[in-house]
**Q** 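Have a look at the structure that comes next, please.
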Amino acid sequence: MSAVNDTKFKPAVFLLTGIPGLEDSHLWISIPFSLMYVISIVGNSVILFIIKTDPRLHEPMYIFLSMLAITDLGISIATMPTTMGIFLFNSREISFDACFAQLFFIHSLQCIESSMLLLMAFDRFVAIREPLRYASILTLQRIGKMGLVFLLRGVAIIFPLPLLLKRFRYCRANVLSHSYCVHQDVMKMACSDISINSIYGLFTTLLTVGLDSLLIFLSYVIILKTVLSIASTAECLRALNTCVSHLCAVLLFYTPMIGLSVIHRFGKGSSPFLQILLGYIYLLVPPLMNPIVYSVKSKHLRARIIRVFVK
């Protein structure tokens with residue numbers, strides 16, 4: 001009898017959601033999604049290959065870009081199996097352990113990506129504020145240490161989330177809102193008090209994305225102040241132009257992420273389609289667009305990519 005009751009209160013699986021109302025078109029929808037994943041994986045892999053094989057690109061800016069590319073690859077690989085499984089095979093079921101593992105990787109990688117954007121802002125800050133000391137401040141050893149610290153920060157902060165979720169009983173409808181697992185979505189399925197998860201989730205958001213975005217904003221305030229003090233308009237524009245790629249990456253990452261977080265926490269009456277759309281933009285667009293943006297804006301990187309493909 002206890003086993004029956006336990007099954008009643010704790011379903012064996014969660015059910016993921018593709019795009020409600022368009023189930024008959026999922027096979028066609030899989031085509032653009034497949035293209036996005038292919039472009040993301042190939043684009044970021046090409047960026048990594050070129051930076052690794054060209055000694056002229058072994059500079060702080062490109063090393064930080066390679067870290068961002070690795071993170072973007074991880075995010076694409078973490079979401080691709082379940083998303084494409086739904087659209088191609090209508091495979092909606094995901095076990096508890098697989099779901100908790102997926103949300104751990106998704107949230108950890110999102111924290112790490114936020115950290116990489118902060119490091120890239122610091123790179124631009126040093127390059128414009130202290131150009132003569134740029135190479136001595138951002139040494140390879142120091143870059144490696146900063147990358148390791150932020151990697152450990154992301155893993156340590158997110159590690160408690162799946163452990164907190166595992167202690168719950170899930171007695172509500174086990175249908176999730178997205179084609180992948182995220183903490184905000186899964187915790188709503190619990191029939192227990194989720195206040196600890198909600199508070200800790202908010203704490204992790206403020207400590208990672210909130211703090212990183214604030215520091216990025218402050219760094220650009222100082223950058224702008226420094227640039228405006230330059231006498232020559234041409235030099236001023238040249239300095240600002242080096243920040244365009246990074247600003248695009250920041251907007252691509254933070255805008256949908258903040259929008260989705262606000263909707264999950266406060267938008268109870270919001271459109272489910274808006275949640276789903278922002279969810280896909282939040283995880284698919286940055287890995288897709290970052291290689292394109294940096295390839296277009298970086299002359300050295302663009303020239304090297306063209307050389308590789310022309311050969």
Side-chain angles (χ1 to χ4, degrees), residues 13-14 16-19 26 29-52 63-117 120 147-148 150-159 161-162 165 176-186 208-209 249 252-253 256-257 260 276 278-295:
V13 295
F14 288 119
L16 300 169
T17 300
I19 301 178
H26 273 182
I29 294 170
S30 70
I31 296 172
F33 274 84
S34 299
L35 286 173
M36 283 192 284
Y37 276 119
V38 168
I39 293 169
S40 298
I41 292 170
V42 171
N44 285 293
S45 298
V46 168
I47 294 283
L48 285 171
F49 172 77
I50 287 172
I51 292 173
K52 185 179 186 305
I63 293 171
F64 287 131
L65 177 57
S66 67
M67 291 180 180
L68 184 67
I70 291 170
T71 310
D72 283 337
L73 272 173
I75 292 171
S76 295
I77 292 167
T79 59
M80 183 172 61
T82 52
T83 301
M84 295 312 300
I86 289 174
F87 290 128
L88 289 174
F89 310 110
N90 195 32
S91 175
R92 297 181 60 196
E93 293 187 355
I94 183 169
S95 69
F96 277 22
D97 289 338
C99 185
F100 296 152
Q102 186 183 48
L103 73 83
F104 168 75
F105 283 111
I106 288 174
H107 289 299
S108 295
L109 289 165
Q110 287 289 311
C111 287
I112 294 167
E113 176 139 358
S114 178
S115 302
M116 292 306 107
L117 291 172
M120 294 170 88
L148 180 61
F150 282 120
L151 170 66
L152 294 175
R153 182 189 76 157
V155 171
I157 288 174
I158 299 302
F159 187 73
L161 288 182
L165 289 170
L176 301 177
S177 305
H178 304 288
S179 60
Y180 47 84
C181 295
V182 287
H183 175 252
Q184 309 97 301
D185 205 12
V186 173
T208 55
V209 176
L252 285 169
F253 177 77
M257 188 184 205
L260 187 63
I276 292 165
L278 275 176
Y280 286 127
I281 293 172
Y282 152 72
L283 285 178
L284 293 181
V285 172
L288 172 71
M289 293 304 298
N290 284 340
I292 296 172
V293 168
Y294 275 94
S295 299

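Sequential numbering from 1 along the given sequence is applied to the chain's residues. For clarity, every value in this text was computed on a predicted model and none was experimentally measured. All heavy atoms count here, side chains included; hydrogens, waters and symmetry mates do not.
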**Q** Could you tell me the separation between the CG atom of L283 and the CD atom of Q110, rounded to the nearest 0.5 Å?
**A**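 L283 CG to Q110 CD: 5.0 Å, rounded to 0.5 Å.
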**Q** Applying side chain to side chain contact (heavy atoms under 4.5 Å, CB included) between F104 and each of I158, L161, L109, report the one that passes.
**A**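 Per the side chain to side chain contact (heavy atoms under 4.5 Å, CB included) rule, the option paired with F104 is I158, out of I158, L161, L109.
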**Q** To the nearest 0.5 Å, how far apart are CG in N44 and OG1 in T71?
**A**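 Going from the CG atom of N44 to the OG1 atom of T71 covers 9.0 Å.
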**Q** Please give me the minimum heavy-atom distance between C111 and R153, naming the atom from each residue.
**A**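 Heavy atoms of C111 and R153 come nearest at O-NH2, 4.1 Å.
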**Q** Could you report the tightest heavy-atom contact between A78 and I106, atom names first, then the distance?
**A**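 Heavy atoms only, the tightest pair is CB-CG1, 4.2 Å.
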**Q** Could you give the side-chain donor-acceptor pairs of residues 29-40 under 3.5 Å, partners two or more places apart or in another chain?
**A**
from: S30; atom 1: OG; to: L27; atom 2: O; distance (Å): 2.4
from: S34; atom 1: OG; to: S30; atom 2: O; distance (Å): 2.7
from: Y37; atom 1: OH; to: T79; atom 2: OG1; distance (Å): 3.0
from: S40; atom 1: OG; to: M36; atom 2: O; distance (Å): 2.8
from: S40; atom 1: OG; to: L288; atom 2: N; distance (Å): 3.4

**Q** Start with the C-alpha distance between F96 and V13, add both sets of side-chain angles, then the distance that settles side-chain contact (heavy atoms from CB on, under 4.5 Å), and finish with yes or no.
**A** CA-CA 6 Å; F96 277 22; V13 295; 5.7 Å; no
**Q** Test of understanding: with side chain to side chain contact (heavy atoms under 4.5 Å, CB included), list the residues that count as partners of F49, not counting sequence neighbours.
**A**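 Residues passing side chain to side chain contact (heavy atoms under 4.5 Å, CB included) with F49: T53.
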**Q** Within the structure provided, determine whether V46 and P291 are in side-chain contact (heavy-atom separation under 4.5 Å).
**A**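 Counting from C-beta outward, V46 and P291 never come under 4.5 Å.
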**Q** With C181, which residues qualify under disulfide bond (SG atoms under 2.5 Å apart), at least two apart?
**A**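 Disulfide bond (SG atoms under 2.5 Å apart) list for C181, sorted by chain: C99.
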**Q** Who pairs with T82 by side chain to side chain contact (heavy atoms under 4.5 Å, CB included), at least two apart in sequence or on another chain?
**A**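 Testing T82 for side chain to side chain contact (heavy atoms under 4.5 Å, CB included), a comparison that skips the adjacent residues, returns L16, I94, Q102, Y180.
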**Q** Quick one: CD1 on I157 to NE2 on H107, what's the gap to the nearest 0.5 Å?
**A**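 One gets 13.0 Å once the value is rounded to the nearest 0.5 Å.
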**Q** By side-chain hydrogen bond (donor to acceptor under 3.5 Å, both in side chains), which residues pair with S114, not counting sequence neighbours?
**A**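 Partners of S114 by the side-chain hydrogen bond (donor to acceptor under 3.5 Å, both in side chains) criterion, ordered by chain and then number, come out as D212, Y254.
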**Q** Measure the spacing between CE of M116 and OG of S66 and express it to the nearest 0.5 Å.
**A**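 Between atom CE of M116 and atom OG of S66 there are 9.5 Å.
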**Q** Does D72 have any side-chain hydrogen bond (donor to acceptor under 3.5 Å, both in side chains) partners at least two apart in sequence or in another chain, and if so, which?
**A**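 In terms of side-chain hydrogen bond (donor to acceptor under 3.5 Å, both in side chains), with neighbours along the sequence ignored, D72 is linked to N290.
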**Q** Please name all residues satisfying salt bridge (charged side-chain N to carboxylate O under 4.0 Å, His left out) with R92, sequence neighbours left out, ordered by chain then number.
**A**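 R92 satisfies salt bridge (charged side-chain N to carboxylate O under 4.0 Å, His left out) with no residue once adjacent residues are dropped.
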**Q** The criterion is side chain to side chain contact (heavy atoms under 4.5 Å, CB included); which residues satisfy it with I281, sequence neighbours excluded?
**A**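 Per chain and number, I281 pairs via side chain to side chain contact (heavy atoms under 4.5 Å, CB included) with P256, L277, V285.
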**Q** Would you give the length of the straight line joining atom CD1 of I19 to atom CD1 of I276, rounded to the nearest 0.5 angstrom?
**A**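 Spacing of CD1 (I19) from CD1 (I276) equals 7.0 Å.
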**Q** Would you give the length of the straight line joining atom CG of L252 to atom OH of Y282, rounded to the nearest 0.5 angstrom?
**A**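 Taking CG in L252 and OH in Y282, the distance rounds to 14.5 Å.
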**Q** Determine, stepwise, if the pair M67 / I112 fulfils side-chain contact (heavy atoms from CB on, under 4.5 Å).
**A** CA-CA 9 Å; M67 291 180 180; I112 294 167; over 6 Å; no
**Q** Assess the residue pair T17 and H178 against the criterion (side-chain contact (heavy atoms from CB on, under 4.5 Å)); give the C-alpha distance rounded to whole Å, side-chain angles, the decisive distance to 0.1 Å, and a yes or no.
**A** CA-CA 5 Å; T17 300; H178 304 288; over 6 Å; no
**Q** Listed by chain and number, what are the side-chain hydrogen bond (donor to acceptor under 3.5 Å, both in side chains) partners of Y280, not counting sequence neighbours?
**A**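 side-chain hydrogen bond (donor to acceptor under 3.5 Å, both in side chains) list for Y280, sorted by chain: S179.
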**Q** For residues 96-109, pull every pair meeting salt bridge (charged side-chain N to carboxylate O under 4.0 Å, His left out), keeping only residues two or more places apart or in separate chains.
**A**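 Those involving residues 96-109 are D97-K166.
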